[in-house]
Amino acid sequence: AWVGQMAAGIAHEVRNPLTVIKVLVQAATDPGRSTGVRPKDLRVLEGEILRLEQIISMFLDFARPPRPYKKQVLPGELLNECLAGVCARAELQGVEVQLDMPAELPVFNADPGQIKQVLYNLMFNALDVLPTGGTLQVQVGINSHAGKDMLTIRVSDSGPGLPAGLEDRIFEPFVSTKETGLGLGLSISRRIVEAHGGSITAKNNHDGGATFEVRLPCVSKSAVDSGLLVSQGGG
């Protein structure tokens with residue numbers, strides 16, 4: 001049953017980005033179209049190719065959990081990179097993307113590639129439930145938990161919300177709100193977050209939609225002041 005569900009999920013997940021790519025390529029090669037390939041089209045193509053890569057990585061990660069290679073990461077840079085990767089698709093769907101983030105945030109110890117994978121999964125899931133427009137909101141802050149500073153990232157959408165009874169089960173393997181969804185993305189995300197010493201939860205909003213909250217431990221200020229901060233590179 002799991003193999004059948006996974007096969008149906010693969011076909012569904014791969015077909016969606018391929019459909020968008022096909023439509024854009026056909027429009028660009030239409031001899032009656034004077035504008036050719038627009039920069040906006042290229043951004044959408046890049047976003048859909050990223051989705052395909054994410055789907056493939058999801059199966060590899062589920063079959064063979066990757067070992068995190070942690071370093072000190074600047075939250076603002078990482079979040080802005082993630083938002084840049086989803087904005088093209090959000091614009092195509094008419095979704096307003098809102099970011100509420102302090103100007104300064106403490107660093108946190110993480111594998112940036114894996115944390116990006118978690119955030120991309122949450123943001124793309126939000127866009128999936130907003131096919132004809134809505135709001136995707138990302139809120140970032142610092143909260144104390146058990147005497148430790150935790151970087152808190154909330155990804156909220158204005159969609160239909162989680163079905164009743166799924167709030168606590170949504171992170172289990174093969175549990176999905178989509179008819180042919182794989183139900184692996186959130187399970188992998190939870191495994192990644194917990195491997196970083198954090199937690200991830202989901203709940204429905206009182207005014208509609210759902211919110212996913214990721215908490216990750218921050219690096220102490222003394223560690224940063226002592227010169228232990230590792231640059232992400234890239235200037």
Side-chain angles (χ1 to χ4, degrees), residues 13 16 47 50-51 54 58 73-106 108 110 112 114-145 149-172 175-178 181-194 196 198-218:
E13 294 292 330
N16 285 345
L50 178 64
R51 287 189 69 195
Q54 183 186 26
M58 184 183 302
V73 179
L74 301 174
E77 292 184 6
L78 186 143
L79 280 159
N80 283 323
E81 289 176 9
C82 291
L83 287 172
V86 303
C87 278
R89 183 182 167 197
E91 183 182 354
L92 184 68
Q93 296 178 200
V95 174
E96 179 185 2
V97 178
Q98 300 175 352
L99 174 62
D100 181 6
M101 180 172 65
E104 294 186 5
L105 287 166
F108 65 107
Q114 290 191 8
I115 299 303
K116 283 183 184 179
Q117 179 182 345
V118 173
L119 296 177
Y120 274 132
N121 185 43
L122 297 180
M123 293 178 188
F124 280 128
N125 282 350
L127 292 178
D128 285 342
V129 300
L130 301 170
T132 58
T135 302
L136 166 60
Q137 185 178 50
V138 180
Q139 296 175 297
V140 188
I142 302 297
N143 292 305
S144 295
H145 179 70
D149 286 339
M150 304 291 287
L151 175 71
T152 303
I153 305 171
R154 296 185 181 93
V155 178
S156 305
D157 63 72
S158 58
L162 300 170
L166 273 191
E167 291 95 332
D168 297 330
R169 298 186 55 241
I170 195 65
F171 297 102
E172 297 178 8
V175 174
S176 175
T177 59
K178 306 172 188 177
L182 300 176
L184 295 179
L186 291 176
S187 175
I188 294 171
S189 294
R190 181 177 64 177
R191 188 161 53 189
I192 289 174
V193 172
E194 290 179 348
H196 283 76
S199 63
I200 182 171
T201 57
K203 66 177 182 179
N204 282 324
N205 304 325
H206 296 300
D207 55 351
T211 294
F212 287 81
E213 181 176 284
V214 176
R215 290 187 176 187
L216 296 163
C218 299

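Residue numbers run from 1 in the order of the sequence given. These values consider heavy atoms only, across backbone and side chains, with no hydrogens, waters or symmetry-generated copies.
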Among all residues two or more places apart in sequence or in another chain, which pass the side chain to side chain contact (heavy atoms under 4.5 Å, CB included) test with Pro106?
Ile142, Cys218
Which residues pass the side-chain hydrogen bond (donor to acceptor under 3.5 Å, both in side chains) test with Glu213, not counting sequence neighbours?
Arg154, Arg215
Does the side chain to side chain contact (heavy atoms under 4.5 Å, CB included) test come out yes or no for Ser189 and Gln117, once each step is laid out?
CA-CA 8 Å; Ser189 294; Gln117 179 182 345; 5.9 Å; no
To the nearest 0.5 Å, tell me how far Ile192 CD1 sits from His196 NE2.
7.5 Å
Quick one, Val155 and Asn125 - any side-chain contact, counting heavy atoms below 4.5 Å?
no
Distance col, row Leu79:CG vs Ile153:CD1, nearest 0.5 angstrom, shows 4.5 Å
For the backbone of Met150 and the side chain of Asn143, can you confirm whether one donor and one acceptor N or O come within less than 3.5 Å of each other?
no
For Val73 and Ala110, the nearest pair of non-hydrogen atoms, with its separation, is CG2-O, 3.6 Å
Show me, pair by pair, the donor-acceptor contacts under 3.5 angstrom made by side chains of residues 131-141, not counting sequence neighbours?
{"unit_1": "Gln137", "atom_1": "NE2", "unit_2": "Gln98", "atom_2": "OE1", "d": "3.3"}

Minimum heavy-atom distance between Glu81 and Tyr120, given as atom pair plus value
O-OH, 3.5 Å
Go through the steps to decide whether Val214 and Leu216 satisfy the test side chain to side chain contact (heavy atoms under 4.5 Å, CB included), and finish with yes or no.
CA-CA 7 Å; Val214 176; Leu216 296 163; 4.0 Å; yes
Sorted by chain and residue number, the side-chain hydrogen bond (donor to acceptor under 3.5 Å, both in side chains) partners of Ser158 (sequence neighbours excluded) come out as none
Once side-chain hydrogen bond (donor to acceptor under 3.5 Å, both in side chains) is applied, do any residues pair with Asn80, and if so which ones, sequence neighbours excluded?
none
Distance (rounded to the nearest 0.5 Å) between Asn121 CG and Arg51 CZ
10.5 Å
Measure across Gly85 and Leu50 and return the closest heavy-atom pair with its distance rounded to 0.1 Å.
O-CD2, 4.4 Å
Would you give the length of the straight line joining atom OG1 of Thr201 to atom CZ of Phe212, rounded to the nearest 0.5 angstrom?
9.0 Å
Output yes when a side-chain donor or acceptor of Asn205 lies under 3.5 Å from a complementary backbone atom of Asp207, and no otherwise.
no
Taking the side chain as every heavy atom from C-beta outward, state whether Ile115 and Leu78 have any atom pair closer than 4.5 Å.
yes
Gln93: what forms a side-chain hydrogen bond (donor to acceptor under 3.5 Å, both in side chains) with it, not counting sequence neighbours?
Arg89
Once rounded to the nearest 0.5 Å, what's the spacing between atom CG of Leu99 and atom SG of Cys87?
9.5 Å
Nearest 0.5 angstrom please: Glu194 CD to Ser199 OG, how far?
8.0 Å
Within-4.5 Å side-chain heavy-atom neighbours: Pro75 and Phe108
yes
Leu127 vs Asp157, test: side chain to side chain contact (heavy atoms under 4.5 Å, CB included). Steps then yes/no.
CA-CA 8 Å; Leu127 292 178; Asp157 63 72; over 6 Å; no
